[in-house]
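The next block holds one structure in the form of structure tokens; read it before the comments.
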Number of protein chains: 2
Amino acid sequence: MNDKRPIRAKSGTNLGGASAHNRRIMIDALRVNGALSRADLARATGLTPQTVSNIIEELASDGLVRSQATVRRGRGQPATPYQLVPEGAFAIGLQIDRHVTRTVIVNLVGEVLVKFEAKLPPGGPAEGVLVILDLVRRARAQLAARTSDADKRLVGLGVAMPGPFGINTLYDDPWMMTAWQNFPLIDRIAEGTGLEVALQNDAAAAATAERLLGAAHGLDHAICIYFGYGLGAGLILNGELYGGAHANAGEIGMILALIPGDGADVEPLEHYASMASLCKLLSIDPSEPQLFEMVSDALQKGSPQIEAWIADVAQRLRRAIQALESIFDPQTIILCGGAPRRLIDRLVKEIGPLLPSIADRASRFPEARLQAGLADPWSVALGAAAEPIARTFDPRFSAILKSN
Amino acid sequence: MNDKRPIRAKSGTNLGGASAHNRRIMIDALRVNGALSRADLARATGLTPQTVSNIIEELASDGLVRSQATVRRGRGQPATPYQLVPEGAFAIGLQIDRHVTRTVIVNLVGEVLVKFEAKLPPGGPAEGVLVILDLVRRARAQLAARTSDADKRLVGLGVAMPGPFGINTLYDDPWMMTAWQNFPLIDRIAEGTGLEVALQNDAAAAATAERLLGAAHGLDHAICIYFGYGLGAGLILNGELYGGAHANAGEIGMILALIPGDGADVEPLEHYASMASLCKLLSIDPSEPQLFEMVSDALQKGSPQIEAWIADVAQRLRRAIQALESIFDPQTIILCGGAPRRLIDRLVKEIGPLLPSIADRASRFPEARLQAGLADPWSVALGAAAEPIARTFDPRFSAILKSN
DNA sequence: TTTATTAAATCAATTGTCTTGACTTATTAG
DNA sequence: CTAATAAGTCAAGACAATTGATTTAATAAA
């Protein structure tokens with residue numbers, strides 16, 4: 001028998017786990033469908049009306065849902081719809097990028113209440129973390145000024161930064177943030193804020209945002225391509241963000257040369273398809289505060305150089321999308337980014353028509369094969385903030401199981 | 001409120017769901033670790049010893065587990081290990097390929113008890129389904145002859161055939177099995193056998209086999225590349241097979257041209273990397289009964305043609321593997337197939353050394369980045385049979401939720 | 001040899017959550 | 001005005017996991 005080897009097993013569950021799951025699906029149902037009555041919830045979840053009643057009662061007394069005015073729907077007693085209380089919970093999101101850090105605070109329904117931004121000092125993470133903690137402190141102060149008991153309703157802090165994590169540096173170049181990745185960032189922030197802290201890469205954060213309130217809202221199978229300083233993808237599979245074995249899933253920017261025609265092409269995809277590449281082409285410093293405006297202007301003006309770049313990137317992404325469709329069979333693919341709206345929209349337009357793939361089905365969902373998602377310098381920070389909300393309130397397998 | 005639109009919500013759960021999950025994790029733990037005592041199970045699952053005792057009692061009286069001789073492990077009362085009873089459950093697997101159909105019956109631990117094979121008549125599915133039903137009938141008769149009450153313990157029938165399913169035919173060519181895919185196969189087989197029937201593509205079936213008793217045993221994140229008549233991948237994510245939105249996930253054979261150097265290359269990958277391609281090269285009829293032996297012989301002899309083919313396929317797969325690693329961040333990638341052992345091993349050897357990727361980490365798992373898996377003409381049928389076993393006994397999110 | 005310690009497994013009582021079935025309330029259709 | 005329909009509640013019951021005490025069986029230490 002196993003005297004030495006650790007026994008590998010999945011975790012069991014109990015009444016508490018079931019109950020926690022049922023609370024989560026109520027919140028999820030209200031998020032996806034808007035206000036619903038107790039009877040609606042009972043039908044949709046398969047639980048009995050009595051059970052739903054008890055749970056709604058509890059959620060209401062926790063300040064997470066509240067009733068609206070009754071509505072008459074034909075015969076029978078009028079229904080009392082319940083909705084999420086936006087100020088029922090808050091979360092902090094933190095984006096750490098190469099040159100800048102941003103923090104936002106969102107509420108339960110994903111509205112951004114507070115935004116702060118700061119340049120990261122060149123001294124590296126040891127200095128940078130002080131800037132970050134100060135930013136978070138100021139954001140919390142502003143939240144507290146607006147709503148006095150909000151700080152108590154903070155459910156966590158999400159950090160997003162460029163991946164991959166825990167890897168032997170593949171290409172020792174400025175594309176990677178090696179120093180930051182080797183720094184005990186999570187522990188320092190947790191200690192400095194007293195909050196639960198989780199880390200994800202920027203593409204995953206963007207996908208989380210997209211699912212909370214973007215084009216992936218309510219979808220269970222979606223791939224969000226994140227076109228920012230680098231290139232990545234957030235994978236929404238079975239309604240949850242998939243992280244892989246080491247939280248590095250979705251690093252499509254690291255894929256080598258998806259394009260035919262250049263035999264010696266061993267550079268990763270993100271060296272072509274990224275804001276970094278465009279900045280290089282336009283000789284713009286990526287740490288430039290007016291970056292988005294400058295790029296957007298350059299696009300509007302246009303130039304043979306830019307047109308060629310767009311055609312090249314579109315071709316590469318067209319291939320990547322065909323591959324992702326073949327691999328994942330998703331409901332939709334969303335191109336979003338830490339990039340100007342104009343660029344994202346232009347790329348989506350330029351990428352079409354898409355290559356033939358298994359996604360090219362007669363009876364397609366309402367969703368298009370490819371659509372534009374959020375495009376905002378703040379979308380990663382927003383996604384980072386959405387993570388603690390999702391972790392706390394979204395239905396997921398691991399939430400049912402016994403802790404440890 | 002939603003008077004018209006259907007309300008979308010996830011399903012709730014209750015005591016029964018929790019209990020069912022706990023039964024499943026016991027079986028899973030015994031499958032992964034071998035025999036375990038009740039105390040071991042309690043520690044591994046986080047449940048109390050009393051709960052484990054009750055569940056084991058129940059599983060034993062259902063004939064799914066049985067005790068072994070007690071073992072002394074130092075101080076304290078000796079432990080009574082429990083193991084899975086191989087003849088506790090059976091399942092039928094059915095492979096439908098272009099030219100042939102195979103059926104196997106496996107027991108709870110994945111041992112193959114019965115094997116039958118038949119050529120498919122050229123008349124298409126209407127005729128073919130009769131051959132198939134006859135094959136299944138004969139297999140069941142043979143099982144019943146061996147173990148009298150085994151037929152009652154059949155938990156289902158899994159069907160595997162080449163995908164993709166429900167697609168506008170992309171390339172109307174002999175690579176696809178259009179007629180079969182438009183035929184109400186599942187209903188006819190369910191009706192003809194009285195069993196629960198499920199359908200998956202051949203790559204998914206191969207991955208299921210690999211997880212039940214191959215290189216992916218006990219792994220929660222693995223990609224199984226299936227190199228058979230076509231090319232596909234089975235995705236094991238979070239310990240479950242991932243099917244995508246329409247059960248077509250993993251169709252990597254449909255990816256267009258991952259290789260540089262040939263600009264006009266718009267053919268799908270499986271036109272290069274597949275047994276079909278090799279058969280064409282060697283002018284072997286793929287429906288040839290001695291196919292494996294012939295290919296294996298040809299490989300052993302060798303020829304400049306074959307060497308060039310292997311180099312080309314290895315190059316393409318090397319790229320595909322680097323892409324899959326970047327996308328999924330798996331624990332390992334397994335190359336398996338409906339192809340001769342010698343070919344799979346040769347390809348694995350030829351593919352190395354792998355390209356740099358995020359899987360190239362210092363502290364790698366015991367698992368290699370790439371390993372050879374099952375290579376057997378029967379492995380797809382075996383995987384098809386493993387599906388009902390997995391569906392019935394493996395822990396999974398959907399099993400906790402209320403039915404409908 | 002005796003006693004203490006450790007570990008496996010069980011017994012009996014308790015807890016917490018969902019379910020069941022009867023009931024109340026409020027509205028519309030006829 | 002009455003019947004039908006639907007939302008929602010009440011109170012009792014069912015079920016599976018938990019708790020804490022107890023039994024059994026081995027080794028280690030005195």
Side-chain angles (χ1 to χ4, degrees), chain A residues 1-3 7 11-26 35-61 65 67-82 399-404, chain B residues 1-3 7 11-26 35-61 65 67-82 399-404:
Chain A
M1 302 249 332
N2 299 289
D3 282 300
I7 297 170
S11 181
T13 188
N14 56 13
L15 300 298
S19 171
H21 171 72
N22 288 343
R23 282 180 58 124
R24 284 168 184 254
I25 57 165
M26 299 289 161
L36 294 175
S37 71
R38 303 184 185 198
D40 288 334
L41 284 166
R43 277 187 296 267
T45 61
L47 294 168
T48 62
Q50 183 58 59
T51 300
V52 171
S53 237
N54 294 339
I55 293 174
I56 288 292
E57 209 71 50
E58 205 185 301
L59 291 176
S61 86
V65 306
S67 58
Q68 298 179 335
T70 58
V71 291
R72 287 179 284 199
R73 291 194 278 189
R75 265 184 202 183
Q77 177 168 331
T80 308
Y82 283 78
I400 297 190
L401 309 182
K402 299 184 63 166
S403 46
N404 211 2
Chain B
M1 301 249 333
N2 299 288
D3 283 301
I7 297 170
S11 182
T13 188
N14 56 15
L15 299 299
S19 172
H21 171 72
N22 288 343
R23 283 179 57 122
R24 283 168 183 255
I25 56 166
M26 299 289 160
L36 294 175
S37 71
R38 304 184 185 201
D40 288 333
L41 284 165
R43 278 185 296 266
T45 62
L47 295 167
T48 61
Q50 183 58 58
T51 300
V52 171
S53 237
N54 294 339
I55 293 173
I56 287 292
E57 209 70 50
E58 205 184 302
L59 291 176
S61 85
V65 305
S67 58
Q68 297 179 335
T70 58
V71 291
R72 285 180 283 200
R73 291 194 277 188
R75 265 185 202 183
Q77 177 169 329
T80 308
Y82 283 78
I400 297 189
L401 309 182
K402 297 183 65 165
S403 47
N404 210 4

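Here is how names work: the chains are called A, B, and so on, in the same order as the sequence lines, proteins then strands, and each is numbered from 1.
- Rounded to whole Å, atom C1' of C/dC18 lies 16 Å from atom CD1 of A/Ile56.
- Closest to the B/Gln77 side chain, of the nucleotides D/dG8, D/dT24, C/dT19, is D/dT24.
- With DNA chain D read from its 5' end, the first of the two nearest nucleotides for B/Arg72 and A/Arg38 is the one closest to A/Arg38.
- The two residues A/Ala18 and B/Asn14 come nearest to each other via the heavy atoms CB-O, 4.3 Å.
- Remark: side-chain polar atoms of A/Ser19 are not paired, donor with acceptor, to backbone N or O of A/Leu15 under 3.5 angstrom.
- Residues B/Thr45 and B/Thr51 are not in side-chain contact: their nearest non-hydrogen atoms beyond the backbone lie 4.5 Å or more apart.
- Between B/His21 atom NE2 and D/dC15 atom C1' there is a gap of 18 Å when expressed in whole angstrom units.
- Contact annotation: A/Ser53 side-chain N/O to D/dT9 OP1/OP2 distance is under 4.0 Å.
- Remark: A/Thr70 is not in phosphate contact with C/dA26, judged by side-chain N or O atoms under 4.0 Å from OP1 or OP2.
- Looking at heavy atoms from C-beta onward, A/Leu401 lies in side-chain contact with B/His21 at the 4.5 angstrom threshold.
- With axes fitted over five pairs at each extremity, the angle between the ends of the helix from C/dT1-D/dA30 to C/dT17-D/dA14 is 10° (10° resolution).
- When the nearest nucleotides of DNA chain D are assigned to A/Pro49 and B/Leu47 by heavy-atom distance, the more 5′-ward of the two goes with A/Pro49.
- Checked by distance alone, B/Gln50 brings a side-chain donor or acceptor within 3.5 Å of a matching partner on the base of C/dC11.
- Looking at which nucleotide of DNA chain C each of A/Leu15 and A/Asn54 is closest to, the 5′-most match is held by A/Leu15.
- Here the closest heavy-atom approach between residue B/Asn22 and residue A/Gly12 is recorded as OD1-CA, 3.3 Å.
- The closest side-chain heavy-atom distance from B/Met26 to B/Val65 is not below 4.5 Å.
- A/Asn14 has a side-chain polar atom (N or O) that falls below the 4.0 Å cut-off from OP1 or OP2 of D/dT18.
- Contacts of B/Arg23 with the nucleic acid, taken as non-hydrogen atoms under 4.0 Å apart, are absent.
- Atom-to-atom, CG of B/Leu36 to C1' of C/dA8 comes out at 14 Å; the value is rounded to the nearest Å.
- OP1 or OP2 of D/dT27 has not a single side-chain nitrogen or oxygen of B/Arg73 nearer than 4.0 Å.
- Here C/dT17 presents its P atom at 11 Å from CG of A/Asn22, a figure rounded to the nearest Å.
- Closest non-hydrogen pair, B/Ala79 versus B/Ser37, comes out as CB-CB, 3.6 Å.
- B/Ile400 is not listed as a side-chain neighbour of B/Arg24, based on a closest heavy-atom distance of 4.5 Å or more.
- Taking atom CD1 of residue A/Ile55 and atom C1' of nucleotide D/dG8, one finds them 15 Å apart after rounding to whole Å.
- Straight-line distance from the CD atom of A/Glu57 to the C1' atom of D/dC10: 13 Å, rounded to whole Å.
- In this structure, B/Thr48 reaches the D/dT18 phosphate: one of its side-chain N or O atoms is under 4.0 Å from OP1 or OP2.
- Phosphate proximity of C/dT19 to A/Thr51: present, with a side-chain N or O under 4.0 Å from OP1 or OP2.
- The interatomic distance linking B/Glu58 (CD) with D/dC15 (P) rounds to 12 Å, in whole Å.
- Set against C/dT20, D/dA16, D/dA4, the side chain of A/Arg75 has D/dA4 as its closest nucleotide.
- The nearest whole Å value for the distance from the CZ atom in A/Arg43 to the P atom in D/dA6 is 9 Å.
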